[in-house]
Amino acid sequence: MKYDFFEIEKKWQKIWEETKPYATREDPAKEKFFALIEFPYPSGVGLHVGHARPYTAMDVVARKKRMMGYNVLFPMGYDAFGLPTENYAIKNHIHPKIVTANNVNTFRKQLKELGYSFDWDREINTTDPAYFKWTQWIFLQLYKNGLAYKAKMPVNWCTSCKCVLANEEVVDGVCERCGSPVIRKEKSQWMLRITKYADRLIDDLDGLDFIDRVKTQQINWIGRSHGAEVNFRTTLDDTITVYTTRPDTLFGATYMVLSPEHALVEKWMDRLENADEVKAYQAQAAAKSDMERTELNKDKTGVELKGVRGINPVNGKDIPIFISDYVLATYGTGAIMAVPAHDTRDWEFAKKFDLPIIEVISGGNVEEAAFTDVETGILCNSGFLNGLSVAEAKEKIIAWLSENKLGEAKVNFKLRDWVFSRQRYWGEPIPIVHCPKCGTVPLDESQLPLLLPDVESYEPTDDGESPLAPITDWVNTTCPCCGSDAKRETDTMPQWAGSSWYYLRYMDPHNDNALASKEALAYWSPVDWYNGGMEHTTLHLLYSRFWHKFLYDIGVVPTKEPYKKRTSHGMILGEGGIKMSKSRGNVINPSDVIREFGADTMRTYIMFIGDFEKPAAWSTNAVKGCKRFLDRVWNLQEMCSDSMEYSAKNETLMHKTIRKVTQDIDELKMNTAISAMMTLVNEMYVNGCTKGELKTLLLLLSPFAPHLVEQMWENLGFALETGKMASLNEWPTWIEEKTVDASVEMAVQILGKLRGTVKVPVDSEQDAVMAAINADEKLVKYIEGKQIFKVILVRNKLINLIVK
RNA sequence: GCGGGAGUGCUGGAAUAGGCAGACAGGCAGGCUUGAGGUGCCUGUGUCCAACCAUAGACGUGUGGGUUCAAGUCCCAUCUCCCGCACCA
């Protein structure tokens, strides 16, 4: 009987389609397990092997948990709003709704071909009005709670997408999606107050089982720092408030720097002796792109404001004030006190402009370089702070500043509020009306969902207006508040809106009265294990944690955090380790692999390919190795004996393999789990195998190669015997004592060098091992006539004889 | 620049509370099977030296030191690569 993967896979996929063995319901009697993978953006090119890696891994985890008796929720859906679909629709004159439907069908078909154990009854789609009704509903709650607001401010504008971007979407000065340059544009935008949650988004990471690089990346992005705000008077009788993390160095502040955009510069302009020079510098700074402003090792530039001086509050000295673009308008107060002796950037600036450098922390040589060590330095030249450590001085100076009303302790963040509007068609309409009398008015919840107008043309505009703006039928409406003529908000939500809460919808996907029922939320929350890409760490993952915390605050969800555990997979590269891309023509389509080798081989290979967290290169040759393995498993059904026991020869290895596979799956070490099963199969070819052994092997293999296993399960009569598919049976267990062999091979070292091995009963003591060595001619040669003066015995592993 | 991770055969990768390096695959070579083969099975495969056979021996986890009976694993130094942050005061 040949392993006909094509027929077998077709047969079982049909059975799963019809009998829905993986559909889930709340069951308080069983412990739940919610396994989540990032739902795909259904692009036109179809599923990529890159999807198959995390999806298969979590399918293996979900299947194993199910067999261990958990009530497993493992759902799938589509994150279908977004630019590529819209662009494709514009280019080909097809409505994005139709493009989306077609793409979703392709994705669904491909996902089914891979045999994933999703609960298909819970499939969701962010573009479905029944879904985005609740996305809009959440927006209204944010608005009502003061967390959504409209503000005019300079924003990131992608020149190619013709759309604003959130800070998180700008990578190295270019659009993270299309790579086009991003410019600054003054626009009125909807913003979400994520900064209000900055502290909690950092602090609550503590209790979570997230891989470290995710935690540190989020912490870096939020960028919390502790310091103080200090007020400096000026000779023109204004106050400049600066933010500093080093208030202890206040005595060393020898000049000040404002960002070129700082409001006081305009105020003083008329009274400055060098106003022309200052204006020129401002113009120059404004013309620079983000790229240029953050360029590496850039020379410090700046202009002194002549005619005004700052006054150091701690010693009354007057010091010069500069403007320079190394001070950012958007961080802190947009102004700094410069302490060249103890800050690298200030030091460079001071050297260039020949400004005094006053040492206030001893321990370095401030003529050579800024001394920034906060651990060992001791305060000097600092009046009442002299002799203190940096930490002590910070505390004392902040107390002094507060007492004298000159400043206070302050925490600052790099995180900015989330720019939430997009000037594109294919997104959720923002459910807001602008009324000339009442101002900004939210739609009533009963009016949701607010649908997109069905229109012919929705191309983005160059002037930065939404394509919805000219659609007067849709835009013109009445005010929900006073009934007078009003206009709808025409911007749409960013792609990240729908994905910020989708995991909640899976818990109760067809609910018309709430985003999910209280009961479903109580039973399934939180997500137990969420795997996804590192590229989403400071986007989707951060956004959804923010939304979840907000929903928690208003009593909608029962947990503070959405995800208990977060892991991340490495990228799949093309043959030879080069990135897969259409232009290189090295893209692997999973459907092609399935046609040639079968879904089970595809699944097994993508798990065997290497360390899950690291990038891995595709190799068609190596795929064949996994096909061979499955062929060999298939052929065991004709070789096995009828016994349902483990044979003496295989028993220990059986128990070891169960233990290894069980433990490795939980740690995502799928490659070694598979290699353990390969080793077992190799041994079965040497020792023969029993039907009982094969039954266990099939259960262990079923998360990886479900189709093949179900067919063999049926062929061998286990389906009849248990009345259940293999994947619904219990996960095998091992007995720890039986994982130990009766006898072990121990390494024999003489003077630390391996000279041979001896076979001894397990747990042999020194005498027994020495007896075995003395019985071995070859080993005896090394010790005869010599004196053994030290013996190191590592039980069951090794013996080292120190001889002379 | 700062922070984190990683360097192991021809290739992907195993093995770290210090204890037989190279599991498991791929590739290659040889043999058997087959009408045929991206078939199946067997054997070999880190380097050097020696060799008719049989058998030894030395070296070996980026590089250089160190600790230890024993180091891929620990310590110090150094090189390379990858990732994150990057004028955030």
Side-chain angles (χ1 to χ4, degrees), chain A residues 2 172 212-214 216-221 223-225 227 242-247 249 253 256-257 259 293-300 324-328 330-339 342-346 348-349 372 412-416 534 537-538 570 575-577 596-597 605 608-611 613-629 631-632 635 669 671-682 685 745-757 778 781 789-803:
Chain A
K2 205 174 164 287
D172 297 331
D212 284 341
R213 50 192 180 131
V214 169
T216 45
Q217 227 167 292
Q218 290 206 341
I219 291 167
N220 283 346
W221 184 260
R224 178 165 62 190
S225 71
V242 302
Y243 173 71
T244 176
T245 55
R246 297 293 306 276
T249 61
M256 305 183 77
V257 189
S259 71
R293 265 185 97 145
T294 59
E295 223 174 292
L296 252 170
N297 298 330
K298 202 183 57 175
D299 254 1
K300 296 279 179 291
S324 171
D325 65 2
Y326 88 90
V327 172
L328 308 174
T330 50
Y331 184 77
T333 60
I336 62 159
M337 66 177 209
V339 185
H342 305 291
D343 181 281
T344 320
R345 297 150 301 178
D346 298 344
E348 280 172 29
F349 191 88
T372 56
N412 244 317
F413 297 93
K414 285 200 252 182
L415 184 72
R416 302 271 74 101
M534 282 309 289
T537 302
T538 54
E575 301 253 1
E596 213 173 337
F597 298 100
Y605 172 66
F608 187 62
I609 197 164
D611 187 332
E613 292 222 355
K614 291 199 194 114
W618 185 268
S619 158
T620 300
N621 267 328
V623 177
K624 284 187 269 182
C626 290
K627 173 67 164 49
R628 265 177 219 154
F629 166 61
D631 275 329
R632 280 161 69 80
N635 292 331
K669 288 158 82 175
N671 51 340
T672 46
I674 292 167
S675 85
M677 289 188 278
M678 287 172 166
T679 306
L680 176 64
V681 170
N682 291 347
Y685 269 77
E745 264 207 0
M746 286 180 64
V748 179
Q749 293 184 347
I750 315 289
L751 284 168
K753 288 199 188 297
L754 182 72
R755 296 301 181 187
T757 58
K778 265 190 279 172
K781 277 195 299 188
F789 66 93
K790 192 170 179 189
V791 178
I792 295 116
L793 181 89
V794 183
R795 190 184 268 204
N796 297 331
K797 292 248 174 181
L798 162 149
I799 188 165
N800 191 4
L801 305 178
I802 311 306
V803 298

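As the structure is a computational prediction, the values presented were derived from the model and not from experiment. Every chain is numbered from 1, with letters handed out A, B, ... down the list of sequences.
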What does the list of N/O pairs under 3.5 Å between the protein and nucleotides 39-42 of chain B look like, with a distance for each?
residue : atom : partner : partner atom : Å
B/C41   : OP1  : A/R632  : NH1          : 2.6

OP1 or OP2 of B/G13 under 4.0 Å from side-chain N/O of A/S675: no
Distance test, side-chain N/O of A/N621 to OP1/OP2 of B/U11, below 4.0 Å: no
Pairwise [atom1] distance, [M] and [N] [rounded to whole Å]:
| N | M | atom1 | answer |
| --- | --- | --- | --- |
| B/A71 | B/G62 | P | 15 Å |
| B/C82 | B/G65 | C1' | 27 Å |
| B/A58 | B/A70 | P | 16 Å |
| B/C10 | B/U47 | P | 7 Å |
| B/A14 | B/U55 | C1' | 31 Å |

Anti/syn call for B/G9, syn if |chi| within 90°: syn
Touch class at under 4.0 angstrom, heavy-atom based, for A/F597 against every strand present: base
Sugar-phosphate, base or nothing in reach of A/T245, heavy atoms under 4.0 Å: sugar-phosphate
Length of the CG-C1' vector between A/L754 and B/G57, whole Å: 13 Å
Atom-pair distance (CD on A/E613; P on B/G12), nearest Å: 19 Å
Partner nucleotide, any strand, of B/G1 [Watson-Crick/G-U, under 3.5 Å]: B/C85
Identified pairing partner of B/U80, criterion: Watson-Crick or G-U wobble below 3.5 Å: B/A6
Quiz item: A/N220 side-chain donor-acceptor pair to B/C85 base, under 3.5 Å: no
Closest-nucleotide ordering on RNA chain B, the 5'-leading residue of A/V794 and A/D346: A/V794
Position toward the 5' end of RNA chain B (nearest nucleotide), A/L798 or A/D611: A/D611
Closest approach to the side chain of [X], judged atom by atom: which nucleotide of [options] is it?
| X | options | answer |
| --- | --- | --- |
| A/E745 | B/C20, B/C69, B/G12 | B/C20 |
| A/I802 | B/G12, B/G19, B/C69 | B/C69 |
| A/N682 | B/A25, B/A89, B/G19 | B/A25 |

Face-on cation placement of A/K300 at A/Y326 ring, 6.0 Å and 45° thresholds: yes
